[in-house]
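Residue indices begin at 1 and follow the sequence shown. Computed from a predicted structure; not experimentally measured. For the numbers below, each heavy atom of this structure counts, side chains included, while hydrogens, waters and symmetry mates do not.
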Amino acid sequence: MEAKIGQFLESIGTFFGGGAQIPWCDRDVIAGCEREVADAAKGSSEEQKSESIMRLSWALVHSRQAEDVQRGIAMLEASLANSSSPLQQREKIYLLAVGYYSTGEFSRSRQLVEQCLEIAPDWRQALVLKKAVEERIAKDGVIGIGITATALGLIAGGIAAALTRRH
């Protein structure tokens, strides 16, 4: 377990150190957060419950499992209206942006990260995520252009071949 936590912390350091890789969270960490939420539900203060739910949401949106990410997104969206402070709202919006990035919904992720930057323009985490999102959008755009150009080339080649056979 300690080795997994060490790898997890290393991935976070890489992400915040400028590497455009989102830190990942494994099932053991998520299970620990789920136990923490269950324990907090048994009589802890509202603040402790809220903090444990935020940690679970964080772990879920950083999971490699699509169903975990979707669950984290749903939890964050449901709790966004109940944010007690701008800082808490910023954190939830950021985690939503991470979740949407993980699911490949890059334009939604970019919208959310820009909301974060409206609240805190110099927030390093949001700036790094925005860069990663924009790089993915640009990469997907180049791939889309390449696919379109290839398809057009094949169509033009087919038409040219058909015309030369007729004559």
A.B. asks: Not counting sequence neighbours, which residues clear side chain to side chain donor-acceptor pair (under 3.5 Å) with E46? List them please.
C.D. replies: K49
A.B. asks: Taking side chain to side chain donor-acceptor pair (under 3.5 Å) as the test, write out the residues that go with Q88, two or more places apart.
C.D. replies: S50, S84
A.B. asks: List in chain and number order the residues that pass side chain to side chain contact (heavy atoms under 4.5 Å, CB included) with S107, two or more places apart in sequence or in another chain; answer none if no residue qualifies.
C.D. replies: none
A.B. asks: For residues 108-115, please give each side-chain donor-acceptor pair under 3.5 Å, one per line with the distance, not counting sequence neighbours.
C.D. replies:
from	atom 1	to	atom 2	distance (Å)
R108	NH1	Q111	OE1	3.3
S109	OG	A97	O	2.7

A.B. asks: What distance separates E134 CD from L129 CG, expressed to the nearest 0.5 Å?
C.D. replies: 10.0 Å
A.B. asks: For the pair D26 (side chain) and V29 (backbone), establish whether a donor and an acceptor sit closer than 3.5 Å, ignoring hydrogens and angles.
C.D. replies: yes
A.B. asks: Could you list the residues that satisfy side chain to side chain contact (heavy atoms under 4.5 Å, CB included) with A120, not counting sequence neighbours?
C.D. replies: R90, W123
A.B. asks: Report yes or no: do V98 and I119 belong to one cluster of Ile/Leu/Val/Met/Phe/Trp/Tyr joined by side chain heavy-atom distances under 4.5 Å?
C.D. replies: yes
A.B. asks: Verify the cluster assignment for L87 and M54: are they in a single hydrophobic cluster under the rule of side-chain heavy atoms below 4.5 Å apart?
C.D. replies: no
A.B. asks: OG/S102 to CD1/I73 distance, rounded to the nearest 0.5 angstrom?
C.D. replies: 7.5 Å
A.B. asks: Find the distance between CG (L76) and CH2 (W58) and round it off to the nearest 0.5 Å.
C.D. replies: 12.5 Å
A.B. asks: Members other than L56 in its cluster, when Ile, Leu, Val, Met, Phe, Trp, Tyr link by side-chain heavy atoms under 4.5 Å?
C.D. replies: I30, V37, I53, L60, M75
A.B. asks: Distance check, rounded to the nearest 0.5 Å: E91 atom CD versus L80 atom CG?
C.D. replies: 12.0 Å
A.B. asks: Quick one: ring pair (Phe, Tyr, Trp, His ring centres under 6.0 Å) pairs with a partner in residues 31-53, sequence neighbours left out?
C.D. replies: none
A.B. asks: Let's go through V128 and K131 carefully: what are the C-alpha distance in whole Å and the side-chain angles of both, what is the deciding distance for side chain to side chain contact (heavy atoms under 4.5 Å, CB included) to 0.1 Å, and is it a yes or a no?
C.D. replies: CA-CA 5 Å; V128 170; K131 181 180 178 208; 5.8 Å; no
A.B. asks: Restricting to side chain to side chain donor-acceptor pair (under 3.5 Å), what partner residues turn up for E36, sequence neighbours left out?
C.D. replies: R55
A.B. asks: My understanding is that only residues two or more places apart in sequence, or in another chain, count here; which of them pass salt bridge (Lys or Arg N to Asp or Glu O under 4.0 Å) with E118?
C.D. replies: none
A.B. asks: How long is the straight-line distance from CG of N82 back to NZ of K92, given to the nearest 0.5 Å?
C.D. replies: 6.0 Å
A.B. asks: Restricting to side chain to side chain donor-acceptor pair (under 3.5 Å), what partner residues turn up for E77, sequence neighbours left out?
C.D. replies: Y100
A.B. asks: Test of understanding: clusters of I, L, V, M, F, W, Y form through side-chain heavy atoms closer than 4.5 Å, transitively. Do L127 and I137 belong to the same one?
C.D. replies: no
A.B. asks: For residues 30-56, which residue pairs pass the ring pair (Phe, Tyr, Trp, His ring centres under 6.0 Å) check, not counting sequence neighbours?
C.D. replies: none
A.B. asks: Got a second to check how far Q70's CD is from D68's CG, nearest 0.5 Å?
C.D. replies: 10.5 Å
A.B. asks: Do other residues, nucleotides or ligands put more than 12 heavy atoms under 6.0 Å from the CD atom of E67?
C.D. replies: yes
A.B. asks: Could you tell me which residues satisfy salt bridge (Lys or Arg N to Asp or Glu O under 4.0 Å) with E34, sequence neighbours excluded, listed by chain and number?
C.D. replies: R71
